Amino acid sequence: MSDKKIIIALDGYSSSGKSTMARRLASKIGYRYIDSGAMYRAVTLYALNNNLIASDGSIDTAKLSAALPSIKIDFKPMPDGSQRTLLNGCDVEDEIRQLRVSDNVSPIAAIKEVRSALTDMQRELGRNKAIVMDGRDIGTTVFPDAELKIFVNASAEMRARRRFLEMTAKGDAVSYEDVLANVVRRDHIDETRQESPLRRADDAIDLDNSAMTIDQQDSWLENIFRETISKL
Ligand code: DC
(Lines give C-alpha, C1' and ligand atoms only; values in the text may rest on other atoms or scores of the structure.)
Protein backbone atom coordinates (compact mmCIF):
# COMPACT_ATOMS: atom_id res chain seq x y z
CA MET A 1 0.00 0.00 0.00
CA SER A 2 1.16 3.52 -0.80
CA ASP A 3 2.34 5.49 2.22
CA LYS A 4 1.47 8.70 0.46
CA LYS A 5 -0.30 11.23 2.68
CA ILE A 6 -3.48 12.73 1.33
CA ILE A 7 -6.09 15.37 2.08
CA ILE A 8 -9.53 14.07 3.01
CA ALA A 9 -12.40 16.55 2.65
CA LEU A 10 -15.71 15.77 4.35
CA ASP A 11 -18.51 18.17 3.54
CA GLY A 12 -22.18 18.11 4.32
CA TYR A 13 -25.13 19.57 6.17
CA SER A 14 -24.98 20.65 9.81
CA SER A 15 -25.19 17.85 12.37
CA SER A 16 -24.83 15.18 9.71
CA GLY A 17 -22.31 13.36 11.88
CA LYS A 18 -19.39 14.29 9.66
CA SER A 19 -17.27 15.65 12.53
CA THR A 20 -17.51 12.39 14.44
CA MET A 21 -16.60 10.40 11.33
CA ALA A 22 -13.74 12.72 10.44
CA ARG A 23 -12.31 12.71 13.97
CA ARG A 24 -12.48 8.94 14.32
CA LEU A 25 -10.90 8.31 10.93
CA ALA A 26 -8.09 10.78 11.62
CA SER A 27 -7.28 9.16 14.92
CA LYS A 28 -7.32 5.66 13.37
CA ILE A 29 -4.99 6.53 10.47
CA GLY A 30 -2.74 8.97 12.34
CA TYR A 31 -3.86 12.09 10.45
CA ARG A 32 -4.65 15.50 11.89
CA TYR A 33 -8.33 16.35 12.23
CA ILE A 34 -9.60 19.89 11.67
CA ASP A 35 -13.19 20.96 12.29
CA SER A 36 -13.48 24.00 10.02
CA GLY A 37 -16.96 24.78 11.39
CA ALA A 38 -15.32 25.41 14.78
CA MET A 39 -13.35 28.22 13.13
CA TYR A 40 -16.55 29.92 11.89
CA ARG A 41 -18.04 29.40 15.33
CA ALA A 42 -14.98 30.97 17.01
CA VAL A 43 -15.26 34.07 14.80
CA THR A 44 -18.97 34.24 15.67
CA LEU A 45 -18.17 34.09 19.39
CA TYR A 46 -15.63 36.86 18.91
CA ALA A 47 -18.28 38.98 17.16
CA LEU A 48 -20.82 38.34 19.92
CA ASN A 49 -18.34 39.09 22.70
CA ASN A 50 -17.28 42.33 21.02
CA ASN A 51 -20.83 43.54 20.39
CA LEU A 52 -20.47 43.30 16.62
CA ILE A 53 -23.86 41.61 16.28
CA ALA A 54 -26.85 43.82 17.14
CA SER A 55 -29.97 42.44 18.81
CA ASP A 56 -31.77 42.48 15.45
CA GLY A 57 -29.03 40.18 14.11
CA SER A 58 -27.31 42.78 11.94
CA ILE A 59 -23.53 42.47 11.84
CA ASP A 60 -20.94 45.24 11.88
CA THR A 61 -19.11 43.71 8.92
CA ALA A 62 -16.59 46.55 8.58
CA LYS A 63 -15.44 46.26 12.21
CA LEU A 64 -15.38 42.48 12.07
CA SER A 65 -13.33 42.47 8.85
CA ALA A 66 -10.86 44.93 10.37
CA ALA A 67 -10.52 42.69 13.44
CA LEU A 68 -9.86 39.50 11.47
CA PRO A 69 -6.04 39.76 11.50
CA SER A 70 -6.14 39.89 15.31
CA ILE A 71 -8.39 36.84 15.68
CA LYS A 72 -6.17 33.86 16.36
CA ILE A 73 -7.68 30.40 16.20
CA ASP A 74 -5.75 27.32 17.33
CA PHE A 75 -6.63 23.75 18.08
CA LYS A 76 -5.39 21.85 21.07
CA PRO A 77 -5.31 18.11 20.33
CA MET A 78 -6.62 15.88 23.12
CA PRO A 79 -5.42 12.34 23.88
CA ASP A 80 -8.74 10.86 22.67
CA GLY A 81 -8.25 12.37 19.19
CA SER A 82 -10.69 15.23 19.74
CA GLN A 83 -9.62 18.85 19.69
CA ARG A 84 -10.34 21.92 21.80
CA THR A 85 -10.77 25.20 19.94
CA LEU A 86 -8.77 28.13 21.25
CA LEU A 87 -9.74 31.72 20.47
CA ASN A 88 -6.86 34.10 21.13
CA GLY A 89 -5.45 31.54 23.54
CA CYS A 90 -8.69 30.85 25.47
CA ASP A 91 -10.43 27.48 25.35
CA VAL A 92 -13.86 28.25 23.87
CA GLU A 93 -14.76 24.70 22.81
CA ASP A 94 -17.86 24.45 25.02
CA GLU A 95 -19.06 28.00 24.39
CA ILE A 96 -18.93 27.72 20.59
CA ARG A 97 -21.33 24.75 20.68
CA GLN A 98 -24.10 26.68 22.46
CA LEU A 99 -27.28 27.78 20.68
CA ARG A 100 -26.28 31.46 21.05
CA VAL A 101 -23.39 30.78 18.66
CA SER A 102 -25.30 28.29 16.44
CA ASP A 103 -28.03 30.88 15.93
CA ASN A 104 -25.58 33.49 14.65
CA VAL A 105 -22.93 31.50 12.83
CA SER A 106 -24.48 31.15 9.36
CA PRO A 107 -24.69 34.90 8.63
CA ILE A 108 -21.11 35.28 9.87
CA ALA A 109 -20.01 32.41 7.60
CA ALA A 110 -21.64 34.19 4.66
CA ILE A 111 -19.28 37.20 4.94
CA LYS A 112 -16.72 37.20 2.15
CA GLU A 113 -13.85 38.58 4.25
CA VAL A 114 -14.44 36.00 6.98
CA ARG A 115 -14.44 33.15 4.45
CA SER A 116 -11.31 34.39 2.78
CA ALA A 117 -9.36 34.69 6.07
CA LEU A 118 -10.48 31.26 7.28
CA THR A 119 -9.85 29.61 3.91
CA ASP A 120 -6.25 30.85 4.07
CA MET A 121 -5.84 29.43 7.58
CA GLN A 122 -7.35 26.11 6.48
CA ARG A 123 -5.03 25.81 3.48
CA GLU A 124 -2.07 26.50 5.72
CA LEU A 125 -3.19 23.72 8.07
CA GLY A 126 -3.31 21.32 5.11
CA ARG A 127 0.05 22.30 3.65
CA ASN A 128 1.70 19.04 4.70
CA LYS A 129 -1.34 16.90 3.87
CA ALA A 130 -2.17 14.00 6.25
CA ILE A 131 -5.27 15.89 7.25
CA VAL A 132 -8.99 15.18 7.56
CA MET A 133 -11.01 18.40 7.42
CA ASP A 134 -14.76 18.68 7.67
CA GLY A 135 -16.99 21.57 6.69
CA ARG A 136 -19.15 22.89 3.86
CA ASP A 137 -16.73 23.97 1.15
CA ILE A 138 -13.62 21.90 1.83
CA GLY A 139 -13.89 19.78 -1.33
CA THR A 140 -15.12 22.66 -3.51
CA THR A 141 -13.14 25.73 -2.43
CA VAL A 142 -10.54 25.05 0.25
CA PHE A 143 -9.01 21.90 -1.24
CA PRO A 144 -10.46 21.36 -4.73
CA ASP A 145 -7.59 18.92 -5.38
CA ALA A 146 -8.20 16.80 -2.26
CA GLU A 147 -7.55 13.15 -3.11
CA LEU A 148 -10.67 11.98 -1.25
CA LYS A 149 -13.92 13.92 -0.98
CA ILE A 150 -17.02 12.74 0.83
CA PHE A 151 -20.41 14.46 0.91
CA VAL A 152 -22.45 13.44 3.94
CA ASN A 153 -26.18 13.80 4.24
CA ALA A 154 -29.04 12.74 6.52
CA SER A 155 -32.61 14.02 6.90
CA ALA A 156 -33.10 17.34 8.77
CA GLU A 157 -35.21 15.54 11.43
CA MET A 158 -32.52 12.93 12.04
CA ARG A 159 -29.82 15.59 12.28
CA ALA A 160 -31.89 17.73 14.66
CA ARG A 161 -32.60 14.68 16.80
CA ARG A 162 -28.87 13.89 17.07
CA ARG A 163 -27.97 17.45 17.98
CA PHE A 164 -30.85 17.65 20.48
CA LEU A 165 -29.66 14.47 22.24
CA GLU A 166 -26.07 15.76 22.27
CA MET A 167 -27.11 19.10 23.76
CA THR A 168 -29.49 17.73 26.39
CA ALA A 169 -26.85 15.18 27.43
CA LYS A 170 -24.58 18.17 28.14
CA GLY A 171 -27.33 19.75 30.24
CA ASP A 172 -28.42 22.43 27.75
CA ALA A 173 -32.09 23.32 28.20
CA VAL A 174 -33.26 23.28 24.58
CA SER A 175 -36.36 22.00 22.85
CA TYR A 176 -36.29 19.63 19.87
CA GLU A 177 -38.40 22.14 17.90
CA ASP A 178 -35.85 24.93 18.43
CA VAL A 179 -32.98 22.68 17.40
CA LEU A 180 -34.87 21.54 14.26
CA ALA A 181 -35.68 25.15 13.37
CA ASN A 182 -31.99 26.05 13.75
CA VAL A 183 -30.92 23.12 11.53
CA VAL A 184 -33.43 24.03 8.78
CA ARG A 185 -32.53 27.71 8.94
CA ARG A 186 -28.81 26.99 8.73
CA ASP A 187 -29.27 24.57 5.80
CA HIS A 188 -31.06 27.32 3.93
CA ILE A 189 -28.45 30.02 4.62
CA ASP A 190 -25.54 27.65 3.92
CA GLU A 191 -27.04 26.54 0.59
CA THR A 192 -28.12 29.93 -0.69
CA ARG A 193 -25.27 32.22 0.36
CA GLN A 194 -23.23 33.78 -2.43
CA GLU A 195 -19.77 32.95 -1.13
CA SER A 196 -18.87 29.25 -1.32
CA PRO A 197 -22.38 27.89 -0.77
CA LEU A 198 -22.72 24.35 0.56
CA ARG A 199 -22.48 22.27 -2.57
CA ARG A 200 -21.39 18.77 -3.34
CA ALA A 201 -18.12 18.66 -5.31
CA ASP A 202 -18.63 16.88 -8.65
CA ASP A 203 -16.03 14.28 -7.72
CA ALA A 204 -17.30 13.67 -4.16
CA ILE A 205 -18.56 10.30 -2.95
CA ASP A 206 -22.04 10.47 -1.38
CA LEU A 207 -22.94 9.06 1.99
CA ASP A 208 -26.43 9.13 3.48
CA ASN A 209 -25.92 7.95 7.03
CA SER A 210 -29.53 8.34 8.29
CA ALA A 211 -29.78 4.61 8.97
CA MET A 212 -26.15 3.86 9.84
CA THR A 213 -24.54 3.30 13.22
CA ILE A 214 -21.30 5.08 14.04
CA ASP A 215 -19.39 1.79 13.64
CA GLN A 216 -20.90 1.24 10.19
CA GLN A 217 -19.92 4.77 9.15
CA ASP A 218 -16.41 4.23 10.45
CA SER A 219 -15.84 1.07 8.46
CA TRP A 220 -17.43 2.53 5.32
CA LEU A 221 -15.08 5.53 5.49
CA GLU A 222 -11.99 3.54 6.36
CA ASN A 223 -12.60 1.18 3.43
CA ILE A 224 -12.92 4.09 1.02
CA PHE A 225 -9.75 5.63 2.43
CA ARG A 226 -7.78 2.38 2.00
CA GLU A 227 -9.11 1.98 -1.52
CA THR A 228 -8.14 5.55 -2.44
CA ILE A 229 -4.64 5.18 -1.01
CA SER A 230 -4.09 1.84 -2.74
CA LYS A 231 -4.70 3.47 -6.12
CA LEU A 232 -2.06 6.22 -5.63
O1 DC B 1 -20.33 22.27 11.11
P2 DC B 1 -20.90 23.35 12.04
O3 DC B 1 -22.37 23.23 12.25
O4 DC B 1 -20.13 23.46 13.30
O5 DC B 1 -20.66 24.71 11.21
C6 DC B 1 -21.03 25.95 11.74
C7 DC B 1 -21.40 26.91 10.63
O8 DC B 1 -20.24 27.28 9.89
C9 DC B 1 -22.43 26.42 9.63
O10 DC B 1 -23.60 27.20 9.69
C11 DC B 1 -21.80 26.60 8.28
C12 DC B 1 -20.49 27.25 8.51
N13 DC B 1 -19.37 26.58 7.84
C14 DC B 1 -19.03 27.03 6.59
O15 DC B 1 -19.69 27.91 6.05
N16 DC B 1 -17.95 26.50 5.96
C17 DC B 1 -17.23 25.52 6.52
N18 DC B 1 -16.18 25.02 5.88
C19 DC B 1 -17.60 25.03 7.80
C20 DC B 1 -18.68 25.58 8.43
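All figures in this text were calculated on a predicted structure; none of them were measured in a lab. Below, each value reflects all heavy atoms present in this structure, side chains not excepted, and no hydrogens, waters or symmetry copies. Order of listing sets the numbers, starting from 1, for every ligand and every atom in it.
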**Asked** Is any N or O atom of D35, backbone or side chain, closer than 3.5 Å to an N or O atom of ligand 1?
**Response** no
**Message:** With a 4.5 Å cut-off on side-chain heavy-atom distances among I, L, V, M, F, W and Y, is there a chain of contacts connecting I111 to M39?
**Reply:** yes
**atom 10 (O) of ligand 1: nearest protein contact (heavy atom, Å)** = S106 OG, 2.9 Å
**Message:** Strictly below 4.0 Å, N to O, side chains only: are E222 and R226 in salt-bridge contact?
**Reply:** yes
**Message:** When you compare the side chains of S16 and N209, does any donor N or O come within less than 3.5 Å of an acceptor on the partner?
**Reply:** no
**Asked** Hey, does the side chain of R185 reach the backbone of H188 with a donor-acceptor pair shorter than 3.5 angstrom?
**Response** no
**Heavy atom of the protein closest to atom 16 (N) of ligand 1 (residue, atom name, distance)** = R115 NH2, 3.0 Å
**Complete:** The option among N182, I108, T119, V105 carrying the non-hydrogen atom nearest to atom 7 (C) of ligand 1 is V105
**Asked** Would you call R100 and E95 a salt bridge, using N to O less than 4.0 angstrom?
**Response** yes
**Complete:** Logged contact type for R193 with ligand 1, heavy-atom cut-off 4.0 Å, is side chain
**Fill in**
shortest atom 20 (C) of ligand 1-to-protein heavy-atom contact is with G37 CA, 3.5 Å
**Item:** Minimum-distance protein heavy atom relative to atom 3 (O) of ligand 1
**Value:** R186 NH1, 2.8 Å
**Asked** Between R24 and D215, is there a side-chain N and carboxylate O pair less than 4.0 Å apart?
**Response** yes
**Asked** Is there at least one pair of N or O atoms, one from R136 and one from ligand 1, spaced under 3.5 Å apart?
**Response** yes
**Asked** What distance separates R84 CZ from I96 CD1, expressed to the nearest 0.5 Å?
**Response** 9.0 Å
**Item:** Heavy-atom nearest neighbour of atom 19 (C) of ligand 1 within options S36, S102, A109
**Value:** S36
**Item:** Nearest neighbour in protein (non-hydrogen) for atom 4 (O) of ligand 1
**Value:** R41 NE, 2.7 Å
**Prompt:** Is the closest side-chain donor-acceptor distance between R186 and N182 under 3.5 Å?
**Reply:** yes
**Prompt:** Any N or O on Y40 sitting closer than 3.5 Å to an N or O of ligand 1?
**Reply:** no
